[in-house]
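Below is one structure, written out as structure tokens; the observations come after it.
Reckoned from all heavy atoms, side chains included, excluding hydrogens, waters and symmetry mates.
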Amino acid sequence: MERKNNTPVHDFILLGLTDSEEIQSILFMLFLLIYLVTVLGNAGMILIICLDLQLHTPMYFFLSHLSFLDLSYSTVITPKTLENLLTSTKHISYGGCLVQMYFFVFLGATECFLLSSMAYDRYVAICNPLHYPVVISTRFCCSLVFGSYLIGFVDSFVTVLRISKLHFCGSNVIHHFFCDTPPVLALSCTDTHDIEIMIFIVAGSTLMVSLITISVSYVSILSTILKITSTSGKRKAFSTCASHLLGVTIFYGTMIFTYLKPSKSYSLGKDQVASVFYTIVIPMLNPLIYSLRNKEVKNALIRVMQKGEGSGQLK
């Protein structure tokens, strides 16, 4: 698209999902409901894990950080989206756009490697149960989580630093509902070929390394489960990782569909639907997936509620 002028851009306009006021009202109510469920679900999961001593295990340590990431991930995107659905002016400052993009990339990359850590935890628990307390120590868990956050920080810092050096002029309309990298790059006056390759390598390596780790872990888990002779033993072993596998499939499916392809194939409709799914819907689904299918979380919730009632009666 030809630029009409070379005036520097100081803010952007987020085009959003639709121009229809009726659909915007429906989307506002829907996204608000989803966001409230997301906040309550993830905050509740973190609270239960902190309060119940029986959940102070490596698996739930990772799960508490996953809930924190999902809560943060949704908060970076959803409130601004809700605001834009209510107002006619859908502006976001240049700095605000870069900040939103930074935390979006940071939290997404961190979640990729946290999911890898959770897969490795399940691999050791099922394939090497006798060595589990030694291998998956508290120090090792903290190292995995710290490493996940560090990789996320590096990925987002490099990406946003390169984008901040681009020049934006002419059109300031972002054809999306948040500051994602492909639609922002499309507005640059300068050549983005090199940065697109860099982002593809960074995002691709993040997705593929974590996905390979998860795939290898689950192939080994499946091989071990098939060797178990008793049906109840197979069912118990599979149930311990079914929730995680479901969450991984949903998360990586939408991420790969959106990002591991050339920027020229960016589709406004399809990519926006996928983006809504992994930025707004998935953070809501994860606590439901991990709690509704997990008896330990249900029992922990009952214990926490009973403890609260007991302390209330003592007062």
Side-chain angles (χ1 to χ4, degrees), residues 1 3 8-17 69 72-78 80-81 84 90-113 151-211 251-280 282-283:
M1 184 176 67
R3 305 289 179 185
V9 170
H10 299 291
D11 62 358
F12 296 103
I13 297 173
L14 295 167
L15 195 62
L17 295 165
L69 289 174
S72 304
Y73 199 67
S74 182
T75 301
V76 167
I77 306 295
T78 309
K80 185 62 180 177
T81 303
N84 290 341
K90 306 175 188 300
H91 289 272
I92 183 170
S93 67
Y94 176 80
C97 187
L98 291 181
V99 168
Q100 188 183 59
M101 185 187 298
Y102 172 83
F103 281 105
F104 169 70
V105 176
F106 167 63
L107 295 166
T110 302
E111 185 160 335
C112 284
F113 284 96
I151 292 171
F153 169 77
V154 173
D155 280 5
S156 59
F157 181 78
V158 170
T159 300
V160 175
L161 181 64
R162 289 296 304 272
I163 291 177
S164 67
K165 295 183 181 300
L166 295 175
H167 295 286
F168 297 93
C169 55
S171 175
N172 66 338
V173 178
I174 298 175
H175 293 272
H176 215 324
F177 63 93
F178 72 99
C179 290
D180 200 1
T181 49
V184 171
L185 287 175
L187 300 181
S188 176
C189 299
T190 50
D191 181 33
T192 60
H193 178 70
D194 291 341
I195 192 172
E196 284 178 14
I197 292 176
M198 185 275 294
I199 291 174
F200 183 82
I201 292 172
V202 171
S205 59
T206 298
L207 284 171
M208 296 314 295
V209 169
S210 57
L211 192 57
F251 180 78
Y252 278 91
T254 53
M255 280 290 201
I256 291 172
F257 172 81
T258 305
Y259 293 106
L260 289 191
K261 61 184 180 181
S263 61
K264 290 183 180 179
S265 64
Y266 178 80
S267 170
L268 180 61
K270 292 181 181 179
D271 287 332
Q272 279 192 337
V273 171
S275 297
V276 167
F277 204 73
Y278 68 75
T279 59
I280 297 176
I282 287 180

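- For Ala109 against Gly152, the heavy-atom pair with the smallest separation is CB-CA, 3.7 Å.
- In this structure, Tyr73 has its ring center at least 6.0 angstrom away from the ring center of Phe103.
- For the pair Leu98/Val184, no side-chain contact is recorded, criterion being any heavy-atom separation below 4.5 Å from C-beta on.
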*Carefully, step by step, assess Leu161 and Ser164 under the rule side chain to side chain contact (heavy atoms under 4.5 Å, CB included).*
CA-CA 5 Å; Leu161 181 64; Ser164 67; 4.2 Å; yes
*Report the C-alpha separation of Cys179 and Tyr94 in whole Å, then their side-chain angles, then the decisive distance to 0.1 Å, and conclude whether the side chain to side chain contact (heavy atoms under 4.5 Å, CB included) test is met.*
CA-CA 10 Å; Cys179 290; Tyr94 176 80; over 6 Å; no
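- Nearest approach of Asp180 to Met101, heavy atoms of both residues: O-CE, 4.2 Å.
- With hydrogens and angles ignored, the 3.5 Å screen pairs a side-chain donor or acceptor of Tyr252 with a backbone N or O of Cys112.
- Pairing each heavy atom of Thr206 with each of Asp155, the nearest pair is OG1-OD2, 2.5 Å.
- One distance of note links CG of Leu166 with OG1 of Thr190; it measures 4.5 Å at 0.5 Å rounding.
- A heavy-atom distance below 4.5 Å is not found between the side chains of Phe178 and Lys80.
- For Thr279 and Ser275, the side-chain atoms include no donor-acceptor pair closer than 3.5 Å.
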*How far apart are the C-alpha atoms of Met198 and Val158, what are their side-chain angles, what is the distance that settles it, and do they pass the side chain to side chain contact (heavy atoms under 4.5 Å, CB included) test?*
CA-CA 9 Å; Met198 185 275 294; Val158 170; 3.7 Å; yes
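- A donor-acceptor contact shorter than 3.5 Å is absent between the side chain of Ser188 and the backbone of Leu185.
- Scanning all heavy atoms of the two residues, the minimum distance from Lys90 to Leu15 falls at CD-O, 4.2 Å.
- For the atom pair His91 NE2 and Leu14 CG, the distance stands at 10.0 Å (nearest 0.5 Å).
- A donor-acceptor distance shorter than 3.5 angstrom exists from the side chain of Ser210 to the backbone of Leu207, with no hydrogens or angles considered.
- Between Ile280 and Phe177, the closest side-chain pair of non-hydrogen atoms falls below 4.5 Å.
- Looking at every heavy atom in both residues, Tyr102 comes nearest to Ser156 through CE1-OG, 3.1 Å.
- Note: Ile151 CD1 to Phe113 CZ = 4.0 Å, rounded to the nearest 0.5 Å.
- Of all heavy-atom pairs spanning Leu187 and Val173, the tightest one is CD2-O, 3.3 Å.
- Here the CD1-CE distance, from Ile201 to Met208, works out to 14.0 Å after rounding to the nearest 0.5 Å.
- When atom types are taken as modelled, the side chain of Thr192 and the backbone of Ile195 share no donor-acceptor pair closer than 3.5 angstrom.
- With a 4.5 Å cut-off on side-chain heavy atoms, Asp194 and Arg162 count as touching.
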*So Ile92 and Asn84, side chain to side chain contact (heavy atoms under 4.5 Å, CB included) or not? Walk me through it.*
CA-CA 10 Å; Ile92 183 170; Asn84 290 341; over 6 Å; no
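- Between atom CD1 of residue Ile163 and atom CZ of residue Phe168 there is a gap of 7.0 Å, rounded to the nearest 0.5 Å.
- In this structure, CD1 on Ile13 lies 10.5 Å from NE2 on His175, to the nearest 0.5 angstrom.
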